[in-house]
Amino acid sequence: MRYWLMKSEPDEVSFDDVLAAPGATVAWFGVRNYQARNFMRDAMAVGDGVLFYHSGGKLPGVAGIAEIVSGPYPDASQFDAASHYHDPKATPETPRWISVDVKAVEAGRFVPLAELRTVAALDDMVLLQKGSRLSISPVTKAQYTTIVALVRGKGA
DNA sequence: GCCAACGTTGGC
DNA sequence: GCCAACGTTGGC
C-alpha cells in the first residue's frame with residue numbers, strides 16, 4: 001500500500017464535490033503530465049491512501065482524506081474535442097492519458113500549505129520542495145500519518 | 001498580477 | 001540530440 005498527494009483546483013473538483021458525488025467517488029481526469037500519469041499507471045493500486053489537495057485558490061492545502069478505488073483506464077476527456085483537456089494526438093486505439101477513480105473517505109480540518117511548511121517531519125515531502133509542481137506526488141507512510149493527524153484536528 | 005520553475009515543442 | 005522559445009503551474 002502506497003500513499004499519494006493529488007492536487008485539484010477546487011473550482012474544478014473540490015473535496016466537497018467528491019463527498020457529494022454518488023458513492024463519494026469521482027474519476028480523476030485531466031492529468032496531462034507524463035510523470036504524474038506514470039504514477040497512476042504504474043505505481044498506484046486500489047486501496048492506496050490519498051491526501052486530497054486544493055491548489056490554485058486563495059488558500060492552498062490538504063482538504064481531506066481519500067483513497068484509490070480503481071485501476072487505471074483511459075481518460076475520456078482526451079477524446080472530447082470540446083474539452084479543455086482534449087488531446088488531438090490521442091485516439092481510443094492509442095490513448096495517451098489515464099484516469100483512476102478516487103473516493104472521499106474522511107473530511108476534517110483544512111490544513112493549509114503554510115502550516116505544512118512549519119512541520120519539520122514534512123521537510124522532505126515532494127510537495128514542499130522548491131519548484132515542485134507535480135499534480136500527483138508520492139508521500140511516505142510517515143508523512144501521510146502526520147498529515148492525517150493534522151486533518152483530524154490535532155495541533156501542529 | 002508577478003514571477004520562478006518546470007515541461008514541451010520544434011528548428012537545426 | 002541539443003537547446004531556445006514558449007506555455008503552464010501555482011504560490012505569493
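Lettering of chains follows the sequences in order, A, B, ..., and the numbering in each one begins at 1. Values reported hereafter were calculated over all heavy atoms of this structure, with side chains retained and with hydrogens, waters and symmetry mates removed.
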May I have the list of side-chain donor-acceptor pairs in residues 41-49 of chain A shorter than 3.5 Å, sequence neighbours left out?
unit_1	atom_1	unit_2	atom_2	d
A:R41	NH2	A:N38	OD1	3.3
A:D48	OD1	A:R2	N	3.0
A:D48	OD2	A:W4	NE1	2.9
A:D48	OD2	A:A45	N	3.1

Completion exercise
Whole-Å distance, A:M125 CE to C:dG11 P, equals 12 Å

Exercise for the section: Find out if a path of hydrophobic residues (ILVMFWY) with successive side-chain heavy-atom gaps under 4.5 Å connects A:F15 to A:L150. Expected result: no

Practice task
In whole angstrom, give the distance that lies between atom CD of A:E9 and atom P of C:dT9.
Solution key: 8 Å

Practice task
Look at A:R117 and C:dC12 and indicate whether a side-chain polar atom (N or O) is within less than 4.0 Å of OP1 or OP2.
Solution key: yes

Handout entry: Rounded interatomic separation in angstrom, taking CD from A:Q35 and C1' from C:dT9
Key = 14 Å

Problem - Separation of C:dT8 C1' from A:D87 CG (nearest whole Å) - result: 15 Å

Exercise for the section: Check the distance between C:dG10's P and A:H54's NE2 and give it to me in whole angstrom. Expected result: 13 Å

Practice task
Send over the distance from A:E115 CD to C:dG11 P, rounded to a whole Å.
Solution key: 16 Å

Practice task
Please test A:R96 against A:Y34 for side chain to side chain contact (heavy atoms under 4.5 Å, CB included), starting from the C-alpha separation and ending with a verdict.
Solution key: CA-CA 9 Å; A:R96 182 182 287 197; A:Y34 289 105; 3.3 Å; yes

Handout entry: Among B:dG7, C:dG11, B:dT8, the nucleotide that comes nearest once only the side chain of A:Y53 is considered
Key = C:dG11

Exercise for the section: Check whether any side-chain heavy atom of A:Y85 sits under 4.5 Å from a side-chain heavy atom of A:D75, and report yes or no. Expected result: no

Problem - Phosphate OP1/OP2 of C:dG10: any A:K7 side-chain N/O under 4.0 Å - result: yes

Exercise for the section: Take the protein atom NZ of A:K89 and the nucleotide atom P of B:dT8, then report the distance between them rounded to whole Å. Expected result: 11 Å

Handout entry: Nucleic acid contacts of residues 126-140 of chain A, taken as heavy-atom distances under 4.0 Å to DNA chain B
Key = A:K130, A:G131, A:R133

Problem - same_hphob_cluster(A:V126, A:L51) at 4.5 Å side-chain heavy-atom cutoff - result: no

Handout entry: Under 3.5 Å side-chain donor-acceptor pair for A:D80 and A:S77
Key = no

